Amino acid sequence: MRTVNTSSPVCLIRPPAVETFRFSSLSITPPLGLAYIAGAVEAAGHTVEIVDAVTAAPTKHTRYFRGYLVGSSFDEIADRVPADAKAVGITVVFTHEWPAIVRLVEAIKARYPDVPVILGGEHVSSMPEFCLLTSQADALVMGEGEETVIELLDAIDEGRPFADILGVAYRERTGDGTDGVVVNPRRERRLAIDDIARPAWHLIDLDTYHEHRWMGGMYSSTKSVPILATRGCPYQCTYCSAPNMWTPRWIPRDPKKVVDEIEHYIERFGARNFPFQDLTAIIKREWVVEFCEELLARGLDITWQMPTGTRSEAIDPEVAQLLKKTNMISMAYAPESGSETTRQLIKKKMKTDRMLESMRAAVDAELNVMVFMVIGFPHDTDEHLRENLTFLEQIAEVGINDAAVGFYMALPGTQIFDSLYDSGQITLDREYFRHILSSTSLWATSTYSGLSRPKLTYWKFRMLRHFYRQPRQLVHSTSLFTTVMQALKSLRGDQQDETKLQSAFRNGVVSALDTLRTKPTRGWMSRRRERRFFDDWDAIYRDIRANNLACGAALPGPADTTELHKRNVTKLIKGVHGTKRRIPVSVAVTPEPSPTPAATPPPVPDRREPEPV
């Protein structure tokens with residue numbers, strides 16, 4: 001029988017958001033993952049309090065190691081943690097957030113050294129040992145978190161060890177000098193996802209997100225609430241961390257229950273716009289047809305979007321017309337490249353002819369459509385990038401509204417990252433974490449290909465110019481000049497954007513001005529400490545990598561990334577997810593003095609053979 005301590009709350013934290021100068025329609029978003037965890041914890045009988053650093057101080061900007069942080073300072077967040085909290089949970093979705101999370105945990109531990117700090121999210125799922133050894137966090141939740149975090153909180157309430165909890169990594173303190181970091185095997189994916197409690201949006205200030213246009217897609221003048229209609233992705237793209245986070249499995253919800261949730265948000269919050277934050281929302285044609293027909297049957301006056309990219313196979317003329325009838329105002333395709341060779345090498349299983357057919361159906365239905373492209377993959381050459389020009393001409397002729405070109409970033413938990421790291425092309429230092437923030441910049445700040453940064457920047461501008469100079473009838477654009485004039489409209493008033501280019505242009509102007517204002521100000525730490533902050537991280541991760549290779553929790557990546565498409569990621573995932581492992585800890589890293597009182601410093605791994613578990 002479960003014992004739940006309801007007198008002490010669980011404090012969940014949305015940390016400051018990271019912003020930098022970027023030219024992208026994507027923006028800060030309400031914390032969907034944290035809201036799901038809050039809903040599950042509440043449903044399990046615990047009291048939940050959320051500290052949202054972004055909505056608490058939406059206009060406060062603090063200089064970061066690149067760009068700036070939006071929201072409350074670390075000390076202000078720690079001050080808002082309830083004194084009687086039984087645990088503190090922090091969401092860590094993005095790799096570029098990690099340095100800030102280290103400082104935030106430090107501030108919390110300085111005030112409440114005995115309160116367990118638990119981290120969860122995609123980044124910590126990709127680098128569990130690293131996250132425990134470079135921070136003072138006590139435990140991590142890896143992968144899908146609802147069931148795991150409830151079992152972890154039950155163990156805290158009952159004083160039980162974490163050794164048998166699937167999906168958890170934790171700091172093991174033995175008291176005899178043999179402390180270690182333990183990573184347990186992962187929990188199996190949950191199949192009955194309709195039974196998961198709804199996100200606890202009632203604990204989050206959605207009005208502030210709306211007022212600042214932070215909703216993750218094309219700006220809508222009506223209040224937005226994010227939706228997750230499916231979980232996971234069945235594909236194995238070599239640059240993507242989704243296979244490690246979710247396994248290559250796509251699980252849809254009951255379409256009617258998704259519409260029930262939308263209807264609930266209309267009644268509860270007055271929401272009318274719903275960005276779907278699914279990894280790959282449309283895979284099965286039958287699912288999206290049933291969903292659209294349910295929206296029409298209920299006569300809901302809403303708009304909805306798919307800003308993160310979708311597959312092309314399920315969208316034909318009938319489906320496209322249904323999307324239009326249900327007021328789906330913006331969607332994106334993510335082929336990543338116009339080169340068939342590149343798509344084969346990164347395991348992006350899309351064929352150009354089928355994709356163009358799908359796009360044509362979407363445009364004929366007058367849907368607002370964007371295409372995402374990425375350049376700078378390790379194998380990329382001028383020849384591969386030149387193939388994009390023909391593809392951009394084709395999609396402009398079809399009538400695609402917008403195209404975005406980003407730079408490749410080497411995300412942990414991906415096959416390409418492992419190959420680059422094992423071959424000595426990645427060092428986990430300040431520059432590595434900076435490059436993660438540069439994928440949507442106008443110019444390249446790093447390169448893992450044979451092409452220089454100036455050459456990649458040249459190709460980005462050439463591709464964008466080549467696309468936007470083409471006539472695009474749906475948005476009444478006949479040239480590059482009319483495209484620029486349309487983008488400038490986004491700076492006038494609060495009207496709803498008509499294209500994603502308008503959202504990107506506005507975001508670019510705002511982030512550029514905020515970056516310039518923040519640059520000379522006092523930052524997240526002194527510049528002297530910042531220069532030394534990352535010094536030990538690569539050595540720590542190199543020990544972890546060697547440990548995991550030795551115990552079978554990882555496979556060495558080939559030096560030639562063009563070999564990766566021949567590998568099935570399932571074997572790799574079985575090793576990573578199925579192996580319990582431990583790294584001994586014997587040496588403590590003493591943090592430099594900070595404004596907060598000193599707390600127990602994080603340990604680093606002992607350079608010995610891995611211990612069997």
Side-chain angles (χ1 to χ4, degrees), residues 23-26 235-240 280 282 306-313 315 331-363 367-409 416 439-442 444 447-451 455-475 477 480 483 499-501 504 561-562 564-565:
F23 193 75
S24 170
S25 61
L26 301 178
Y235 303 103
Q236 301 182 18
C237 299
T238 59
Y239 59 89
C240 182
T280 313
I282 297 181
M306 290 186 292
T308 56
T310 189
R311 301 287 300 185
S312 57
E313 292 86 346
I315 300 178
M331 64 180 291
Y333 289 87
E336 316 303 1
S337 178
S339 164
E340 292 274 10
T341 300
T342 289
R343 289 203 297 273
Q344 177 188 4
L345 292 177
I346 63 175
K347 294 201 280 191
K348 191 76 179 185
K349 296 182 178 180
M350 285 183 169
K351 292 296 183 183
T352 300
D353 54 354
R354 178 65 192 96
M355 188 172 14
L356 291 175
E357 287 178 18
S358 176
M359 291 177 179
R360 193 169 288 110
V363 170
L367 297 174
N368 189 311
V369 183
M370 186 177 203
V371 171
F372 290 130
M373 312 277 281
V374 176
I375 61 175
F377 288 110
H379 70 269
D380 266 343
T381 63
D382 284 311
E383 175 87 21
H384 294 131
L385 299 189
R386 192 171 289 111
E387 291 180 53
N388 288 314
L389 300 180
T390 301
F391 179 73
L392 289 167
E393 289 175 8
Q394 291 175 314
I395 65 174
E397 183 180 353
V398 166
I400 295 299
N401 299 45
D402 290 306
V405 180
F407 299 111
Y408 167 72
M409 53 182 173
I416 295 182
S439 63
T440 56
S441 175
L442 287 177
T447 179
Y448 294 107
S449 69
L451 302 174
K455 177 58 74 71
L456 288 174
T457 302
Y458 159 78
W459 273 111
K460 174 165 184 168
F461 277 93
R462 182 175 178 183
M463 288 168 63
L464 289 173
R465 179 176 178 271
H466 196 73
F467 175 78
Y468 280 107
R469 64 191 281 188
Q470 309 290 331
R472 289 164 294 119
Q473 295 182 359
L474 195 60
V475 290
S477 178
L480 186 61
T483 295
T499 69
K500 284 196 171 184
L501 180 64
T561 60
T562 63
L564 289 172
H565 76 286

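Bear in mind the structure is a predicted one, so any value in this text is a computation, not a measurement.
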Can you check side chain to side chain contact (heavy atoms under 4.5 Å, CB included) on Gln394 and Thr352, steps first, answer last? CA-CA 10 Å; Gln394 291 175 314; Thr352 300; 4.1 Å; yes
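- Ring geometry, Tyr448 versus Tyr408: the interplanar angle exceeds 60°, so the pair is classed perpendicular (tilted spans 30 to 60°).
- Taken to the nearest 0.5 Å, the CE atom of Met350 stands 8.5 Å off from the SG atom of Cys237.
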Output, in order, the C-alpha distance, side-chain angles, deciding distance and verdict of side chain to side chain contact (heavy atoms under 4.5 Å, CB included) for Thr341 and His379. CA-CA 10 Å; Thr341 300; His379 70 269; 5.6 Å; no
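- Under the 4.5 Å side-chain criterion, counting only non-hydrogen atoms from C-beta, Leu392 is not in contact with Gln470.
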Given side chain to side chain contact (heavy atoms under 4.5 Å, CB included), test Leu389 with Met463 step by step and report yes or no. CA-CA 6 Å; Leu389 300 180; Met463 288 168 63; 4.2 Å; yes
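- For Arg386, there are no side chain to side chain donor-acceptor pair (under 3.5 Å) partners two or more places apart in sequence or in a different chain.
- Annotation: ring-ring contact (aromatic ring centres under 6.0 Å, His included) contacts of Tyr235 (sequence neighbours excluded): none.
- Judged as a salt bridge (Lys or Arg N to Asp or Glu O under 4.0 Å), and not counting sequence neighbours, the contacts of Arg343 are Glu340.
- To the nearest 0.5 Å, the span separating CG on Asp402 from CZ on Phe372 amounts to 9.5 Å.
- Judged by distance alone, with hydrogens and angles left aside, the side-chain atoms of Thr457 form a donor-acceptor pair with the main-chain N or O of Ala444 at under 3.5 Å.
- Legend: ring pair (Phe, Tyr, Trp, His ring centres under 6.0 Å) pairs involving residues 336-362, not counting sequence neighbours: none detected.
- Note: Ile375 CD1 to Trp459 CH2 = 9.0 Å, rounded to the nearest 0.5 Å.
- Residue Ser337 comes nearest to Ser339 through the heavy atom pair OG-N, 3.0 Å, listed as atom of the first residue, atom of the second, then distance.
- For the side chain to side chain donor-acceptor pair (under 3.5 Å) test, residues two or more places apart in sequence or in another chain that qualify with Glu393 are His466.
- Residues that satisfy the salt bridge (Lys or Arg N to Asp or Glu O under 4.0 Å) test with Glu387, not counting sequence neighbours, are absent from this structure.
- Using a 4.5 Å heavy-atom cutoff, the side chains of Ile395 and Phe467 are in contact.
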Using the rule given for side chain to side chain contact (heavy atoms under 4.5 Å, CB included), can you reason through Asn388 versus Thr342, listing the C-alpha separation, both sets of side-chain angles and the distance that settles it, and then say yes or no? CA-CA 10 Å; Asn388 288 314; Thr342 289; over 6 Å; no
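- Every residue two or more places apart in sequence or in another chain was checked for a side chain to side chain donor-acceptor pair (under 3.5 Å) with Ser441, and none qualifies.
- Taking 4.5 Å as the limit, some side-chain heavy atom of Met331 sits within range of a side-chain heavy atom of Ile315.
- You'll find the side chain of Phe391 reaches within 4.5 Å of the side chain of Met355, heavy atoms only.
- In this structure, the side-chain contact (heavy atoms from CB on, under 4.5 Å) partners of Val398, at least two apart in sequence or on a different chain, are Leu356, Met359, Arg360, Val363.
- Of all heavy-atom pairs between Leu564 and Thr238, the closest is CB-CG2, 3.9 Å.
- Applying the salt bridge (Lys or Arg N to Asp or Glu O under 4.0 Å) criterion to Lys347, with sequence neighbours excluded, gives no partner residue.
- Taking both residues in full, the closest heavy atoms of Ala403 and Met370 are given as C-CE, 4.1 Å, listed atom of the first, atom of the second, then distance.
- In plain terms, the two heavy atoms of Gly376 and Ser449 that are nearest each other are O-CB, 4.0 Å.
- Every pair passing salt bridge (Lys or Arg N to Asp or Glu O under 4.0 Å) that includes a residue from residues 370-383 is listed here, sequence neighbours excluded: Asp382-Lys455.
- Applying the ring-ring contact (aromatic ring centres under 6.0 Å, His included) rule to Phe407 yields no partners; only residues at least two apart in sequence or on another chain are considered.
- Here OH of Tyr458 is found 11.5 Å from CG of Leu451. Values are rounded to the nearest 0.5 Å.
- The heavy-atom pair separating Phe461 from Leu442 by the smallest distance is CE1-O, 3.2 Å.
- With sequence neighbours excluded, the residues that form a side chain to side chain donor-acceptor pair (under 3.5 Å) with Thr381 are His384.
- Listed here is the closest heavy atom pair of Asn401 and Tyr468: O-CE2, 4.1 Å.
- Atom CD1 of Ile400 is separated from atom CG of Asn368 by 9.5 Å, given to the nearest 0.5 angstrom.
- Atom CD1 in Ile282 sits 8.0 Å away from atom OH in Tyr333 (nearest 0.5 Å).
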